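Remember, it's a predicted structure, so these values are computed and weren't measured experimentally. These numbers come from the heavy atoms of this one structure, side chains and all, not from hydrogens, waters or symmetry mates. Protein chains get the first letters and strands the later ones, always in sequence-line order, with residue 1 at the start of each.
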Protein chains: 2
Amino acid sequence: MPARAKEPLSRDRVLAAALEVADAEGVPAVTMRRVAEVLDCEAMSLYHYVDKKALLAGLTEAVVGEIAVAALDDLPPAADPADWRDVVRRRCLAAREVMLRHPWAPPLVATQPQPPPTVYPLFEALVATMVDAGCGYELAHRAIHSLGPMLLGFTQELFEPTADDEGAASPQAEAMALAMPYLARLAEVAVHEAEGTIGLCDTQAEFEFTLGLVLDGLEAHRRVGAASAVGAASAVGAASAV
Amino acid sequence: MPARAKEPLSRDRVLAAALEVADAEGVPAVTMRRVAEVLDCEAMSLYHYVDKKALLAGLTEAVVGEIAVAALDDLPPAADPADWRDVVRRRCLAAREVMLRHPWAPPLVATQPQPPPTVYPLFEALVATMVDAGCGYELAHRAIHSLGPMLLGFTQELFEPTADDEGAASPQAEAMALAMPYLARLAEVAVHEAEGTIGLCDTQAEFEFTLGLVLDGLEAHRRVGAASAVGAASAVGAASAV
DNA sequence: ACCTGAACACCGTTCAAGT
DNA sequence: ACCTGAACACCGTTCAAGT
């Protein structure tokens, strides 16, 4: 604590403190006064480095940078370029792990006017992998748009079906089951499938499923595009429906 | 104005006022005092119906309800069940149009602890369409997870490459181009493709592309699943790679 | 019953003043 | 130069008081 009070303030120290507060107490707790408290100084001192907007932008930059590093780190450098899907998949899963450690981050990133510059190295690596595997730049561009939301954690749990204690069926739940028979049946099936596992929905498996859908679709486009550059989209549509 | 002051307050009037403020000035402007101003009353009067948390939850409920209505409305009731992809696609695009009119909504929805009940009719319709087309409930379940983020607008623009005035290449931009050759080339290609169009990225086209990837992938799973219920996932992986 | 005035704790931010 | 005390306008919220 005395050591901390000694070293001079800096943008990096301020952002590190903000990250600490966000991880421990969530984004709403990241106030100028709270961050200053962590740094053993007054709120007004922070204004030499950031105002509130810059503080949140810096926090976004930091967490996205952490994602980029994690996604780029743990890779053996792809023996065969044809394995591009596995390389991209592992990068996306590594990104997801970081986001799971910072569950407050996705909505924060989503409210920023610009993506932080720390995403670019990650995008560069993804484009490099795809282009080297024979994807055109047009396809790589679309892939960035398709995968971006998954990389930045926008794909999250939407559907936590209230973990019903079975048996205690509320009259409200019964009314819903009558009005929505398909969803009611789906819930039954989900409960049955989830026997013995942790939650009702296996979000990890569902993330990987969606990711696989996107990657397989992109691969199909790559193959068609490699053969002929024209009419690729419709040809793929026909091919994947076979 | 006098008429407005006359009619008594109600939860619905409060939420309508909040929606008005959000559309006009964004979510941060939705304060108890600002909403009260629109209703010609004092902030404290709102507390008979909502506190701040309930106000934002109600706002989420309202906007997601609007999506659900829009997505369910404009549909001729699907002559052929085999056209399930077209039906689902149109619903997703209708949902997107609503979100584009309320650009403040996605991050708000993302910060809510639970999805609002107003999504359920939409999920019901999607599951019904898929199951009637021969998808199993397991696949329909995964589809909800794959499509949910797209329906609720979590897929948004991440990559607005700063719309550079060409020619005025900053030294910073040049440094980035050297460090990230693939992204630099991708930007060139994107600029070339965008000649004569509005923005650098055609977000509508990119949304539709990703949506098509997901729908085609689901259709491939449906076909394999219809043939044999076991080992569907790996079979599809092989099939879509052909 | 429905609404409100006064008050409290907290927020972002400015600015003149300290060292 | 770097930091701070006092102050301002604005939040969410409580509660006793009005009608």
Side-chain angles (χ1 to χ4, degrees), chain A residues 1-62 104 107-109 111-114, chain B residues 1-62 104 107-109 111-114:
Chain A
M1 204 70 92
R4 201 166 205 176
K6 269 296 175 60
E7 47 188 334
L9 249 35
S10 68
R11 195 184 109 99
D12 280 352
R13 285 194 68 216
V14 171
L15 293 184
L19 190 63
E20 199 178 312
V21 173
D23 279 335
E25 308 168 38
V27 170
V30 180
T31 66
M32 299 300 275
R33 283 171 170 88
R34 181 78 188 85
V35 172
E37 191 182 325
V38 172
L39 293 169
D40 259 323
C41 72
E42 305 301 315
M44 314 82 199
S45 308
L46 306 182
Y47 282 88
H48 289 271
Y49 309 96
V50 288
D51 62 4
K52 185 67 188 299
K53 231 181 65 189
L55 185 69
L56 294 181
L59 203 51
T60 305
E61 205 181 296
W104 47 266
L108 174 64
V109 177
T111 45
Q112 294 305 113
Q114 295 283 339
Chain B
M1 206 70 91
R4 201 167 206 178
K6 270 292 175 63
E7 47 188 335
L9 250 35
S10 69
R11 195 184 108 99
D12 279 353
R13 285 194 67 218
V14 171
L15 293 184
L19 190 62
E20 199 178 312
V21 173
D23 280 335
E25 308 166 39
V27 170
V30 179
T31 67
M32 299 300 274
R33 283 169 169 89
R34 180 79 188 84
V35 171
E37 191 183 325
V38 171
L39 293 168
D40 259 324
C41 73
E42 304 302 314
M44 313 85 198
S45 308
L46 305 183
Y47 282 86
H48 289 271
Y49 309 96
V50 288
D51 62 4
K52 186 66 189 299
K53 229 181 65 187
L55 186 69
L56 293 181
L59 202 51
T60 305
E61 205 181 296
W104 47 266
L108 174 63
V109 177
T111 45
Q112 294 306 112
Q114 293 285 337

S.K.: Determine the minimum heavy-atom distance between A:Val21 and A:Ala29, stating which atoms define it.
M.R.: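 The pair with the smallest heavy-atom distance is CG1-O, 3.6 Å.
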
S.K.: To the nearest Å, how far apart are B:Met32 CE and C:dC11 C1'?
M.R.: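 Atom CE in B:Met32 sits about 17 Å away from atom C1' in C:dC11.
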
S.K.: Taking all heavy atoms of A:Ala57 and all of A:Gln112, pick out the closest pair and write down the distance.
M.R.: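 Closest approach of A:Ala57 to A:Gln112: CA-NE2, 3.3 Å.
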
S.K.: Might you point out which heavy atoms bring B:Glu42 and B:Ala36 nearest each other, and give the distance in Å?
M.R.: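 Shortest heavy-atom separation between B:Glu42 and B:Ala36 comes out as C-CB, 3.5 Å.
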
S.K.: Both A:Arg33 and B:Ala43 contact DNA chain D. Which one's nearest nucleotide lies toward the 5' end?
M.R.: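 Nearer the 5' end of the strand: A:Arg33.
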
S.K.: C:dG12 P sits how many Å from A:Arg34 CZ, rounded?
M.R.: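 Going from A:Arg34 (CZ) to C:dG12 (P), I get 12 Å.
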
S.K.: Please list, pair by pair, any protein nitrogen or oxygen found under 3.5 Å from a nitrogen or oxygen in nucleotides 16-19 of chain D.
M.R.:
none

S.K.: Got a sec? Which of residues 44-57 of chain A come in under 4.0 Å of DNA chain D, heavy atoms?
M.R.: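 A:Met44, A:Ser45, A:His48, A:Tyr49 - these, ordered by number, are the residues of the stretch whose heavy atoms sit under 4.0 Å from the strand.
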
S.K.: Can you tell me how far P of D:dC2 sits from CZ of A:Arg13, to the nearest Å?
M.R.: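 Roughly 14 Å, once rounded to whole Å.
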
S.K.: Give the minimum heavy-atom separation between B:Val30 and B:Lys52, together with the two atoms involved.
M.R.: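 Minimum heavy-atom separation between B:Val30 and B:Lys52: O-CE, 3.1 Å.
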
S.K.: Any chance you could measure B:Thr111, atom OG1, to A:Trp104, atom CH2, to the nearest 0.5 Å?
M.R.: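 Reported value, rounded in 0.5 Å steps: 14.5 Å.
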
S.K.: Without decimals, in angstroms, what is the distance between B:Glu42 CD and D:dC15 C1'?
M.R.: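 My rounded result for the distance is 16 Å.
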
S.K.: Quick check for you: to the nearest 0.5 Å, what is the distance between B:Glu20 atom CD and B:Glu25 atom CD?
M.R.: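 Reported value, rounded in 0.5 Å steps: 9.5 Å.
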
S.K.: Looking only at non-hydrogen atoms, find the nearest pair between A:Val35 and A:Ala18 and report the distance.
M.R.: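 Smallest heavy-atom distance, with atoms named: CG2-CA, 4.0 Å.
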
S.K.: Can you tell me how far CG of B:Leu19 sits from CG of B:Asp12, rounded to the nearest 0.5 angstrom?
M.R.: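 Rounded to the nearest 0.5 Å, the CG-CG separation comes to 11.5 Å.
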
S.K.: What is the minimum heavy-atom distance between B:Arg11 and B:Tyr49, and which atoms define it?
M.R.: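 That would be N-CD2, 3.7 Å.
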
S.K.: Counting Watson-Crick and G-U wobble pairs with both distances under 3.5 Å, what is the dot-bracket string for DNA chain D, 5' to 3', using [ ] for crossing pairs and | for pairs to another strand?
M.R.: ||.|||||...|||||.||

S.K.: Distance from B:Leu9 atom CG to B:Ser45 atom OG, nearest 0.5 Å?
M.R.: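 B:Leu9 CG to B:Ser45 OG: 6.5 Å, rounded to 0.5 Å.
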
S.K.: Would you give the length of the straight line joining atom CG of B:Leu46 to atom CG of B:Leu15, rounded to the nearest 0.5 angstrom?
M.R.: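 CG of B:Leu15 is found 10.0 Å from CG of B:Leu46.
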
